[in-house]
Amino acid sequence: MEPVTIFAIIGGLGIGAQWLAWRLQMPAIVLMLAAGLVAGPMTGLLDPEAAFGELLRPVVAVAVAVILFEGGLTLNLHELRATGPAVRRMVLVGAPLGWLFATLASRYGAGLDWASATVFGGILVVTGPTVIIPLLRQARLKSRPAQVLRWEAIVNDPVGALCAVLAFEVIAALAGAGTLARAAEDFALGVGVAALAGLAVGRAIAWAFRRGQVPEYMKVPVLFGAVLAVYASTDSLLHESGLLAVTVMGVVLANARLESFEELRRFKEHVTVILVSGVFILLAAALDTEQLAQLDWRAVLFILAIVLVARPLAVSIALAGTGLPWQEKLITAWIAPRGIVAVAVAGLFGARLVELGFEDGARLPPLAFALVAATVVLSGFSIRPVARALGLVSTDVPGVLIVGGSPWTVALAERLRGAELPVLVADRNWHRLAAARAAKLPYYHGEILSEAAEHHLDMNAYGTLVAATDNDAYNTLVCTDFAPEFGRSNVFQPGRAEADGNPRGLPVTLGGRPFGGGLTHAELARRGTDGDGFRLSELDKEQADWDAWRAAHPGASPLAVLSGGEIGFLGRTDPPRLRAGDRLLWLAAADAPAPPPGGNDAPDDED
């Protein structure tokens, strides 16, 4: 098979699995595992060892280096300090304990030698935000346990990799040196140089970016080149010290408070999606039937030891004295699916351990795949019933996420807040959020489509999205992206300004439902901010007749019905079912008189 064809198959399987997982709202790792196994050991379509030969391990190593650099970019120490004591205990106490207990489970459960078990134990500290976050959406957990699980996954992603790197470097130093003193010297030299290199290059890049020494269009290429250079130079001194160096470099940049950090985050998101997909397919396809046959009863014993002993012990000790109720501790102990980073690092270090003479290193990749599959399936199928049984399913009223910080969206958000609905205004532009900040509305400054927003925002709190910027194409993109998560009937956008039938216009099949009956952003801005445009009226028995209400309010645009504490936005053709006691959110006609004081929250008799 031609090399170009092989790359096309790997890219198609990896990216295709990620896209299908997004459409089905399920963890991508499950579909990528299935795709890799089908393409590799099951059908023989893909044989990475034969296709790449000696280049396979360097390719995987460079990809893992970039993935770990991306993990370092997520470790913002300022955000960690603001997460609360439970998350800090899970990182500072839970991670070392998890390493210890996972090492013991690997040694006595899977039967690995101490060297392989120690490295593998460090790898298993990682739980993986790419797996945890979709599960949290599925279960709609209460805010506090959801935040603990989310932040543990985000922060422990690089921490677990660091544990594995340090363990491997100790073992490599001991294997390569004749005496313990020489091993300690080699380890100190490798770790010291790697940490200093990562620190120095990270600070140098931060300085250059702040001083404008690198033009905007070259920042991402310079960053990518620096990652490769740091990895290669330090790795030549001591094997895998390059992984430590690039992780430290990522942590330095994450805490440098660069104005261009959002661009760097986009780089890591785009690149790592490609690399993670490719590495996962390669490693899954590289498994052979002999390795899969090693997954015997000891593998089952190992998985049970991790799920039922190691994780619960680490969590119970780490969260002791934090004041969390036992229900929250229990679900934190139970939900710990491993992710893509664990498999990628296990595949790399397993091969390195074999080179050092530790034959059990070959068992790391199949064990990692087995643990990932088991924990993802167990967590995916059980998180909602377990949360329901423990009383941890959120009963909060689903709120409204508004994308776009214009004056009329702030006025709409204030009206929704007055109706005691959770509301959040999001915008990439800090200045456009000035009105929201002045009104003391909850807001998010950043790109709503970014991975950072996915990590930092509790999307479980919102059931409706209104994409209301002045850019029709961007609104369409936001609605299309969030439709599988919120449901197509719960994403809205203003009417598009371009004329119908415009061959250059956006397809009508994309985007959200029409907000405000199809009014454009300009029309909403004119009517929503003049006087008191958005009104909220409680309906009595007579006003609950839709035709009568329309006749009494010519030119008004009904927006949503609030019934039983929940809100249902109206599309262009929705015939609302009104009942006495419901509240109707509507936009007054352009020439409607202002309501009397208190009229918006009183029965609808102002006209």
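Side chains are part of it too, since the values below use all heavy atoms of this structure and drop only hydrogens, waters and symmetry mates. Start at 1 with the first residue, then count along the sequence.
- R311 pairs by the salt bridge (charged side-chain N to carboxylate O under 4.0 Å, His left out) definition with E152, not counting sequence neighbours.
- Judged as a side chain to side chain donor-acceptor pair (under 3.5 Å), and not counting sequence neighbours, D47 has no contacts.
- Panel note: side chain R107, backbone L112; a donor-acceptor pair is recorded below 3.5 Å.
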List the atom pairs, with distances to 0.1 Å, where a side-chain N or O of residues 61-68 and a protein N or O form a donor-acceptor pair under 3.5 Å, not counting sequence neighbours.
none

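- Counting only heavy atoms from C-beta outward, the side chains of F302 and F120 approach each other to under 4.5 Å.
- Applying the side chain to side chain contact (heavy atoms under 4.5 Å, CB included) criterion to A299, with sequence neighbours excluded, gives L295, L367.
- Applying the side chain to side chain donor-acceptor pair (under 3.5 Å) criterion to S116, with sequence neighbours excluded, gives D113.
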Under 3.5 Å, which donor-acceptor pairs do the side chains of residues 29-45 form with other protein atoms, sequence neighbours left out?
residue: T43; atom: OG1; partner: V38; partner atom: O; Å: 2.5
residue: T43; atom: OG1; partner: A39; partner atom: O; Å: 3.4
residue: T43; atom: OG1; partner: L45; partner atom: N; Å: 3.3

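- Judged as a side chain to side chain contact (heavy atoms under 4.5 Å, CB included), and not counting sequence neighbours, the contacts of A351 are R57.
- With sequence neighbours excluded, the residues forming a ring pair (Phe, Tyr, Trp, His ring centres under 6.0 Å) with F486 are F482, listed by chain and number.
- Below 30°, between 30° and 60°, or above 60°: for Y108 and W114 the angle between ring planes is above 60°, a perpendicular geometry.
- Among residues two or more places apart in sequence or in another chain, the side chain to side chain contact (heavy atoms under 4.5 Å, CB included) test is passed with L97 by V93, F101, A314, I317.
- Under the side chain to side chain contact (heavy atoms under 4.5 Å, CB included) criterion, V148 pairs with A86, V87, M90, T332, sequence neighbours left out.
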